[in-house]
Amino acid sequence: MAYWLMKTEPDAFSIDDLANSPDGVSGWDGVRNYQARNFMRDDMKVGDQVFIYHSSCPEPGVAGIAEVCREAYPDPSSFDPESPYYDPKSTEENPRWWCVSVRFVRKLNKVVPLAEMKLNPALQDMALVKRSRLSVMPVQPHEWETIMAMA
DNA sequence: GCCAACGTTGGC
DNA sequence: GCCAACGTTGGC
């Protein structure tokens, strides 16, 4: 079982929105970055644990936990001309963008702020801390444990 | 709102 | 294939 971190802007879709989704399940669509797509398409497996990270908000940080409940499938929003994520170069025959579905597990006792994570020597190698814009990234087991202990 | 980082586009 | 221009992300 692997660990991951997925970013979301809470104004658009927060950990509470995930919790309030039917069965706590939501498709993680709209990702338009190849590296992030590859993680979802090739590596994320049912049962993998996922930190839900709130970005572009007053207190950026890890807000809760979800788990992968459906492995890679073509991102439906890429086929929908009405969607802001529509991409005419993605077709049903040859999808360009993929997503997974995740199920809400729980919120952390408190949001673990990015500012605290940056100060923790155990987290210095995280893409998140190194100010990468990657929206889906792997988390090492020791990093998972470190963040859990900070909540 | 600013701006640094960095991914994407497109002319050549 | 290079690289300048441009657009987006996201912390502050």
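By convention in this document, chain letters (A, B, ...) are assigned in the order of the sequence lines, proteins followed by strands, and residues within each chain are numbered from 1.
Comparing C:dG11, B:dC6, B:dT8 by their closest approach to the side chain of A:R133 singles out B:dC6. In this structure, the nucleotide among C:dG11, B:dG7, C:dG10 sitting nearest to the side chain of A:K7 is C:dG10.
Here the closest non-hydrogen pair linking A:M44 and A:V136 is SD-CG1, 4.1 Å.
Between the P atom of C:dG10 and the CE atom of A:M6 lies a distance of 13 Å, rounded to the nearest Å. Taking atom CD of A:E59 as the reference point, atom P of C:dG11 lies 12 Å away to the nearest angstrom. One can place CG of A:L134 at 11 Å from C1' of B:dG7, the figure rounded to the nearest angstrom. For the pair A:D87 CG and B:dG7 P, the interatomic distance rounds to 19 Å; values are reported in whole Å. The distance from atom CZ of A:R32 to atom P of C:dG10 is 15 Å, rounded to the nearest whole Å. If you measure from atom CZ of A:R37 to atom P of B:dT8, you get 10 Å, rounded to the nearest angstrom. The CD-C1' distance, from A:Q35 to B:dT8, rounds to 14 Å in whole Å. At whole-Å resolution of the value, CG in A:N33 and C1' in C:dG10 are 14 Å apart.
In this structure, a donor-acceptor pair under 3.5 Å is absent between the side chains of A:R133 and A:S55.
In terms of modelled atom types and a separation under 3.5 Å, the side chain of A:D80 and the main chain of A:S77 share no donor-acceptor contact.
By the 30° and 60° cut-offs, the orientation of the rings of A:F13 relative to A:W28 is perpendicular.
Between A:Y34 and B:dC6 there is no side-chain N or O to OP1 or OP2 distance below 4.0 Å.
Note on A:K130: nothing from the nucleic acid sits closer than 4.0 angstrom, heavy atoms only.
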